[in-house]
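Here's the structure we're looking at; comments come further down.
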Amino acid sequence: MSNERRRPFPFDQFEPRWQRVWAERATFHTPNPGDAGFDPTKPKYYVLDMFPYPSGAGLHVGHPEGYTATDIIGRFKKMRGFNVLHPMGWDAFGLPAEQYAIKTGQHPRATTEANVANFRAQLQRIGFGYDWQREVNTTDPGYFKWTQWIFLQIYKSYYDPELGKAQPIALLEDALSDAPQRRSEWEGNMYLLGTHEAWRKSDDSSRASWRDGFIEHSRLAYISSAPVNWCPELGTVLANEEVVDGKSEVGGHPVERRPMRQWMLRITLYAQRLMDELDGLDWPESIKIHQRNWIGRSEGAEVRFEIADASGRAGFQPAVPSFQLGTSGVTNAPHRDTPSDNERNPTPDAPGEIPGAAGCKPALPTITVFTTRPDTLYGATYMVLAPEHLLVDSIVTEEQATAVEEYREKAARKSDLERAELAKDKTGVFTGAFAINPVSGERIPIWIADYVLTGYGTGAIMAVPAHDERDWEFARKFALPIREVVSPEPRLGLGGGSVCDAEPLECFVGEGYAIHSGPLDGLPTAAAKAEITARLEAQGLGKTTINFKLRDWLFSRQRYWGEPFPIVWENGRHRAVAESELPVVPPELSDFKPTGTPEPPLSKAKDWVRYQPVHHERGDDVSTAFPLPSLGMIEGVEPSHSTATRELNTMPQWAGSCWYYLRYIDNANAERFVGSEAERYWMTGTTSHQSPVTSHIPKPGGVDLYVGGTEHAVLHLLYARFWHKVLFDLGHVSTPEPFQKLVNQGLILGEDGQKMSKSRGNVVNPDDVISEYGADSLRLYEMFMGPLEATKPWSMSGVEGVFRFLARVWRLVMEENQAGEWQPSAAVQDVPMEKSVAKVVHATIKKVGEDIEAVSFNTAIAQMMVCTNALTAANPRPVAAIRLLLHVLNPFAPHLTEELHAQLGGTTLLADATWPAFDPALLIEDEIELPVQVNGKLRDKIVVKKDATPAEVEAIAKAAPKVAESLAGKTIKKLIVVPGRLVNIVVA
RNA sequence: GCCGGCAUGGCGAAAUGGCAGACGCAAGGGACUUAAAAUCCCUUGGGAGGUAACUCUCGUGCGGGUUCGAGUCCCGCUGCCGGCACCA
């Protein structure tokens with residue numbers, strides 16, 4: 001069979017040989033600034049692949065697609081005189097290794113090591129020019145030490161809304177002690193930071209504890225007990241981004257909502273920056289749009305509704321200011337930030353509420369809603385709270401209490417999946433309470449319904465059934481009044497803001513003109529929004545607001561095979577371990593099974609759990625964020641370390657991949673996560689000898705080219721940008737964005753046009769392709785299939801096609817002797833190139849270079865095929881022409897070209913060669929052929945001198961036989977000569 | 001429902017608003033060979049006409065438009081793929 005068959009060229013012999021040569025000579029090693037061999041005169045180019053999770057299944061053909069693209073570009077840039085950084089590593093924490101461990105009892109570290117070895121060998125077999133000295137592995141303690149360190153930087157920071165950036169939390173502490181009078185101002189912001197719970201508790205405590213609580217809850221990493229996505233099957237919680245249709249993205253297991261104590265990262269505070277700073281990036285527009293949609297900014301207004309007391313009057317105005325209407329324009333849903341003793345009946349703590357002070361008539365709370373259509377306020381005929389809304393308990397009437405409680409329990413039990421499936425069927429219950437429409441003064445009922453989400457806006461809405469599909473449906477089902485307040489066309493004579501005549505027949509959600517809306521009547525929607533918002537603001541009843549769909553990032557997992565948090569708990573408070581204690585290494589376990597409860601598997605390591613503080617040398621960073629005594633320790637009690645326990649959760653897999661591109665830059669650095677000199681060079685191209693980087697970098701800088709699949713459009717690419725921005729704010733990195741240019745490779749389908757999968761049996765294994773056709777054929781085919789970004793099916797006969805092309809290149813240079821051995825061909829001679837040969841060779845140099853820059857590899861390969869066909873026809877074959885072809889083919893088929901280059905007497909590596917220059921003079925034709933059209937239809941072709949004047953061209957064109965025939969008896973209305981392109985004659 | 005992307009031969013695909021189908025696959029024919037493989041050469045979008053070199057004509061999902069000229073730009077559809085989906 002195939003191994004019996006004689007190979008058209010001996011790729012199986014020379015491919016491994018050249019791979020060894022590259023490895024031995026460290027051909028693709030790139031020194032850092034300051035290292036031996038570093039050339040500061042060269043520009044830098046950082047080309048990055050999305051590093052793989054080393055699964056047990058090994059590489060599939062999708063991996064080498066992007067990797068070959070970056071390899072071609074990296075090798076090309078090296079030939080063009082760049083310092084090229086092109087590294088590879090392993091995103092090796094993750095669920096599959098842990099689940100395999102559960103099944104087999106084998107330690108995840110063992111399987112991970114074996115898989116990494118396999119992946120590395122597979123990649124090396126394809127001949128990628130990685131700098132293997134820069135390899136990183138997220139599970140390496142020398143790596144995750146710095147993942148933990150970065151987490152601590154986030155933990156020790158807060159977001160300053162005025163500066164719009166993260167700051168060390170120590171500064172916040174200073175600010176609070178320096179300016180205690182700013183407390184009320186801070187209180188406003190505190191709610192915005194989700195810290196109102198702490199504020200409430202601190203109300204009657206000392207100033208110091210208020211401050212501690214405030215600091216505690218200002219951290220960019222915080223503890224929350226909000227309902228999270230719990231997956232019982234996987235035994236862990238998942239981020240919103242990891243839940244697809246109510247099922248886990250990994251494994252497809254059902255996911256339910258339940259409140260749990262979890263670490264969250266305040267990515268929401270970066271929503272605006274994450275959105276704005278996309279603009280400067282050279283990314284596919286679709287990915288940018290995807291991220292913008294995910295962040296989901298919407299502009300609107302918050303409106304405060306008072307609750308009517310039983311007699312129907314508006315309730316008492318609360319004595320405290322409504323600090324939800326704070327200074328910052330950014331709000332998000334209230335989080336229940338502190339573990340609640342009874343999670344099913346959380347303490348109401350909504351804004352403005354003062355629960356039952358003894359002996360006084362309780363002031364009734366207000367309800368704040370978010371709306372993008374404040375212009376429809378006159379049409380708000382009822383309100384809806386999310387079932388989980390914290391106000392429900394305090395407003396529900398006795399008669400409705402049972403029904404409400406039943407509904408809330410049912411809603412809580414519903415999984416996300418059920419909630420999604422039942423989405424169209426609205427359900428809800430009346431609370432028995434009423435609110436006052438602030439503009440019409442009308443008494444409107446307050447309902448609860450699960451179509452209102454607790455996590456978005458304020459978790460409460462004003463319902464305008466005439467102009468919102470969902471409210472319309474709900475109102476129809478429960479026979480609630482529907483009032484039309486927007487008309488698609490301007491209407492006259494329907495003013496007065498009074499009652500409308502009849503309920504509308506259908507829901508109108510578009511923009512139009514206000515009707516039945518008092519002072520707004522006749523205004524177009526945009527103006528009506530502005531007018532009503534101004535009026536509300538003047539009366540303290542509302543204000544413009546911006547809302548984001550983006551939620552804070554749920555950052556903890558109940559897994560073994562992940563980075564432990566560098567956090568210990570004591571007396572119910574968390575604190576950072578000292579930096580000198582990093583890395584916090586996971587304990588050895590033999591049983592990795594989920595506990596079956598939300599208790600993480602690390603809880604099984606009883607000794608590890610009990611925190612034994614290391615003895616600190618002088619100068620060690622023990623104090624971390626702020627001194628231990630301020631952490632809520634009981635005064636007078638000596639801190640006792642024996643009671644301290646470690647945080648048992650681990651970080652999600654995204655943690656390691658949030659910064660790996662930085663570690664490649666300086667992967668052996670034991671002092672810092674990345675050396676600043678090297679970081680500045682590879683991210684901005686400048687060194688300390690050059691002018692310092694200012695805070696306003698015109699080009700965002702970062703990785704020059706990042707290639708990977710679209711599946712990371714909102715997960716990895718959003719998380720990594722977030723971490724990078726925090727590091728930038730804190731002065732640890734020099735660019736605001738990590739990845740300047742992004743290219744998405746398309747999906748490779750099976751030969752049947754279906755997605756490759758084991759069950760379909762259409763999976764192509766790159767190893768098989770290599771053993772039959774060689775690594776160069778695999779590389780070349782993956783690039784020749786079509787545009788890199790396109791989804792395209794695999795075709796083995798296509799592989800065969802590029803294989804034949806490579807064999808033709810081989811035979812350009814080599815021929816078989818009588819004994820059947822390959823030897824340099826006699827046809828290859830040191831003769832000058834004929835002009836026609838020189839022309840095609842130089843055209844090839846030009847086009848291939850341009851196409852590589854444009855990431856258009858399929859057309860570059862087509863041009864090299866044309867060139868090869870031309871050279872095959874030449875006899876003798878000028879060796880200079882062949883050498884030039886080998887140079888431009890080298891980034892694509894590095895093994896074959898190195899071999900042939902050596903066979904032609906080359907003593908240096910093509911990989912180290914300089915990209916050839918083309919001679920533009922050769923590409924200029926003396927005579928050019930021009931098509932001549934009559935009325936846009938091709939009639940003839942003429943040949944003219946390249947510098948012929950338009951008048952000359954015109955004359956020749958008119959004289960062309962077929963043109964003359966078409967023109968006979970007609971008058972020329974217009975004649976267009978496009979120099980070098982065509983002639984078009986318009987006749988009557 | 002909303003937001004993207006795509007639509008060109010039998011197939012993968014090319015084409016700064018300027019000769020549609022480069023390059024490759026597949027297919028057919030031929031050369032070499034005892035034979036096969038490999039290799040090399042020729043043909044290959046549809047239709048019509050011509051003994052022939054060739055000639056004419058239609059053709060880039062559908063319908064309009066802009067333009068001397070549209071696969072390409074604009075408007076309106078259809079189909080497929082991907083994402084989001086009660087986000088007020």
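Computed over heavy atoms, backbone and side chain alike; hydrogens, waters and symmetry mates excluded.
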Whole angstrom value for the distance that separates C1' of B:C84 from CZ of A:Arg292: 16 Å
Between the protein and nucleotides 23-26 of chain B, list the N/O to N/O atom pairs that are separated by less than 3.5 angstrom.
unit_1, atom_1, unit_2, atom_2, d
B:G24, OP1, A:Asn869, ND2, 3.3
B:C25, OP1, A:Arg804, NE, 3.3
B:C25, OP1, A:Arg804, NH2, 3.0
B:C25, O2', A:Ser797, OG, 3.4
B:A26, OP2, A:Arg804, NH2, 3.2

Residues that A:Thr859 engages under side-chain hydrogen bond (donor to acceptor under 3.5 Å, both in side chains), provided they are two or more places apart: A:Asp851, A:Ser856
Proximal nucleotide (of B:A14, B:U39, B:C3) relative to the A:Arg811 side chain: B:U39
Residue A:Glu929, side-chain atoms from C-beta onward, closest of B:C19, B:A14, B:C3: B:C19
A:Trp447/A:Phe474 aromatic ring centres below 6.0 Å: yes
Nearest listed nucleotide, side chain of A:His290, among B:A88, B:C86, B:C84: B:C84
Rounded C1' spacing from B:G12 to B:C62 in Å: 25 Å
Presence of A:Ser298 side-chain N/O under 4.0 Å of B:A88 phosphate oxygens OP1/OP2: yes
Touch class at under 4.0 angstrom, heavy-atom based, for A:Lys847 against every strand present: nothing
Exercise: do A:Asp552 and A:Thr268 side chains pair donor with acceptor under 3.5 Å: yes
Partner residues of A:Lys946 under the side-chain hydrogen bond (donor to acceptor under 3.5 Å, both in side chains) criterion, sequence neighbours left out: none
Crowding at CZ, A:Arg476 (>12 non-hydrogen neighbours, <6.0 Å): no
Test item: side-chain donor near acceptor, A:Arg939 and A:Gln933, under 3.5 Å: no
A:Phe803 and A:Phe9 aromatic centres sub-6.0 Å: yes
Sugar-phosphate, base or nothing in reach of A:Lys973, heavy atoms under 4.0 Å: nothing
Pairing of A:Lys426 and A:Asp471 as salt bridge, 4.0 angstrom limit: no
Listed nucleotide nearest any side-chain atom of A:Thr859, set B:A15, B:A13, B:A88: B:A15
B:G83 OP1/OP2 closer than 4.0 Å to side-chain N/O of A:Asn293: no
Sugar-phosphate, base or nothing in reach of A:Arg939, heavy atoms under 4.0 Å: sugar-phosphate
Parallel, tilted or perpendicular: ring planes of A:Tyr719 versus A:Trp553, cut at 30 and 60 degrees: parallel
Presence of A:Lys549 side-chain N/O under 4.0 Å of B:C84 phosphate oxygens OP1/OP2: no
Sugar-phosphate only, base, or nothing, as touched by A:Ile289 at under 4.0 Å among non-hydrogen atoms: sugar-phosphate
5'-most by nearest nucleotide on RNA chain B - A:Ser286 or A:Ser856: A:Ser286
Sugar-phosphate or base contact per nucleotide [nucleotides 63-82 of chain B; S, B, -; heavy atom under 4.0 Å]: -----BS-------------
Ranges pairing with ranges for RNA chain B, where each run has three or more Watson-Crick or G-U pairs under 3.5 Å: B:1-7 with B:78-84, B:10-12 with B:23-25, B:27-31 with B:39-43, B:45-49 with B:54-58, B:61-65 with B:73-77
Nearest-Å distance for atom pair CD/C1', residues A:Glu711 and B:G5: 16 Å
Integer-rounded Å distance: B:C11 P and A:Asn858 CG: 18 Å
Residues in side-chain hydrogen bond (donor to acceptor under 3.5 Å, both in side chains) contact with A:Glu927, at least two apart in sequence or another chain: A:Lys945
